[in-house]
Amino acid sequence: MSGGLLEARDEAERAELIEQGRLLFCRPCQFFFAAQRLDQLPEPRLPEVAFCGRSNVGKSSLVNALTGQNSLARVSSTPGRTKQLNFFDLGGRLTLVDMPGYGYAQASKSVKEDWQGLMFEFLRGRPVLRRVVLLLDARIETKESDRAAMKLLNEAAVNFQIVLTKADSAKPYWLKQRQEEAAALVKQHTAAHPLVITTSSETGLGIPELRAELTALAEPA
């Protein structure tokens, strides 16, 4: 059985997809490579899923929640600290790529330009990249840097999926607005995946669904 949750024909198939996701993300996930320049990238092998978002959006926490490994991706107390692409092997079936955060106000102009160049060239030229998980903070409005990232992904013709983070810290009325806004943003970008997933690394909300979506992109078991 393959395909994401949108392709599930009934609740039984949906439950099976979520179980497949649980089984994959129970497998060992290990860091194996870091690259600061395009000429340092590892040879393409497994399907890749990249995680990107603004600094402090909760990217590392989400990767840790997905894999059940609290220290797999470093959660830095200093926003904008990560400046490289970090590659993780998930059970020999999928590679997770932790990308540097964008939009950090105190980053120098040269750092911002370097990040944009690295991101665009990586996304445009990586043949095994199956999807970018674009994280938006559920507690705050969509920033101009988020919109710029979507534009970049759309221009690079890279399939991306919006995932709202930190939903446990958002008021219900605000969370509903953010979900509606995300759905509207999806319709504005041809490269956007139609399913928006709302998550919380603290409560586990949306984690099984996101696992199921990413498992559909992995090498068959």
Side-chain angles (χ1 to χ4, degrees), residues 31 33-42 48-66 72-88 95-126 129-167 169-170 178 181-182 184-186 188-193 196-201 210 214:
F31 169 83
F33 208 88
Q36 291 182 310
R37 303 193 314 269
L38 289 176
D39 59 5
Q40 297 175 335
L41 292 176
E48 294 177 353
V49 172
F51 294 78
C52 77
R54 296 182 71 251
S55 297
N56 207 32
V57 75
K59 181 160 47 66
S60 296
S61 296
L62 182 65
V63 172
N64 290 338
L66 286 168
L72 181 68
R74 292 183 181 180
V75 181
S76 175
S77 59
T78 305
R81 176 66 62 84
T82 302
K83 297 295 189 297
Q84 61 189 17
L85 297 163
N86 293 313
F87 293 78
F88 302 87
T95 295
L96 309 181
V97 185
D98 187 7
M99 300 189 74
Y102 58 78
Y104 182 46
Q106 296 182 27
S108 68
K109 182 178 180 181
S110 62
V111 167
K112 293 178 182 177
E113 290 174 348
D114 287 347
W115 183 91
Q116 290 170 345
L118 173 65
M119 179 179 177
F120 188 78
E121 293 303 323
F122 169 73
L123 296 174
R124 185 173 62 178
R126 197 68 175 166
L129 184 63
R130 295 292 179 263
R131 185 171 300 169
V132 170
V133 178
L134 179 62
L135 307 186
L136 301 181
D137 193 326
R139 305 169 303 170
I140 60 178
E141 71 279 2
T142 302
K143 301 295 187 181
E144 188 56 39
S145 55
D146 295 319
R147 298 180 188 279
M150 292 179 213
K151 184 173 183 291
L152 186 153
L153 289 162
N154 215 50
E155 290 175 350
V158 175
N159 179 260
F160 69 94
Q161 183 166 19
I162 294 177
V163 170
L164 296 175
T165 62
K166 305 185 180 183
S169 298
R178 293 291 283 138
E181 181 187 25
L185 288 168
V186 164
Q188 296 170 18
H189 299 85
T190 56
H193 189 279
V196 175
I197 298 180
T198 301
T199 68
S200 166
S201 299
L210 184 53
L214 303 184

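Values reported hereafter were calculated over all heavy atoms of this structure, with side chains retained and with hydrogens, waters and symmetry mates removed. Quick caveat, the model's predicted, so the values are computed rather than measured.
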For [X] and [Y], work out which heavy atoms get closest and say how close.
X: F160; Y: R131; answer: CA-CG, 4.3 Å
X: L85; Y: P100; answer: CD2-CD, 3.9 Å
X: Y102; Y: S145; answer: CE1-O, 3.5 Å
X: L135; Y: L62; answer: CD2-CD2, 3.6 Å

I'd like to check the side-chain contact (heavy atoms from CB on, under 4.5 Å) partners of [X]; sequence neighbours left out, ordered by chain and number.
X: T198; answer: L164, A167, L175, Q179, L205
X: I140; answer: R54, D137, K143
X: A50; answer: V97, M99, F122, L129, V132

Enter the distance from [X]:[atom1] to [Y]:[atom2] here, rounded to the nearest 0.5 Å.
X: I197; Y: L210; atom1: CD1; atom2: CG; answer: 5.0 Å
X: H189; Y: I162; atom1: NE2; atom2: CD1; answer: 8.0 Å
X: H193; Y: L134; atom1: NE2; atom2: CG; answer: 14.0 Å

Is there a side-chain contact between [X] and [Y] in this structure, where contact means two heavy atoms from C-beta onward sitting under 4.5 Å apart?
X: L96; Y: L66; result: no
X: T165; Y: K59; result: no
X: N56; Y: K166; result: yes

Set of residues satisfying side-chain hydrogen bond (donor to acceptor under 3.5 Å, both in side chains) with respect to E155, sequence neighbours excluded: K151
Holding to side-chain hydrogen bond (donor to acceptor under 3.5 Å, both in side chains), I want the full list of residues that pass it with R178, two or more places apart in sequence or in another chain. T142, E181
Go through the side-chain N and O atoms of Q161 and N159 and say whether any donor and acceptor fall under 3.5 Å apart. no
For the backbone of A65 and the side chain of S201, can you confirm whether one donor and one acceptor N or O come within less than 3.5 Å of each other? no
Flag, side chain of N154 to backbone of M150, donor-acceptor distance under 3.5 Å: no
Suppose we screen for ring-ring contact (aromatic ring centres under 6.0 Å, His included). Which residues come up paired with F33, at least two apart in sequence or across chains? none
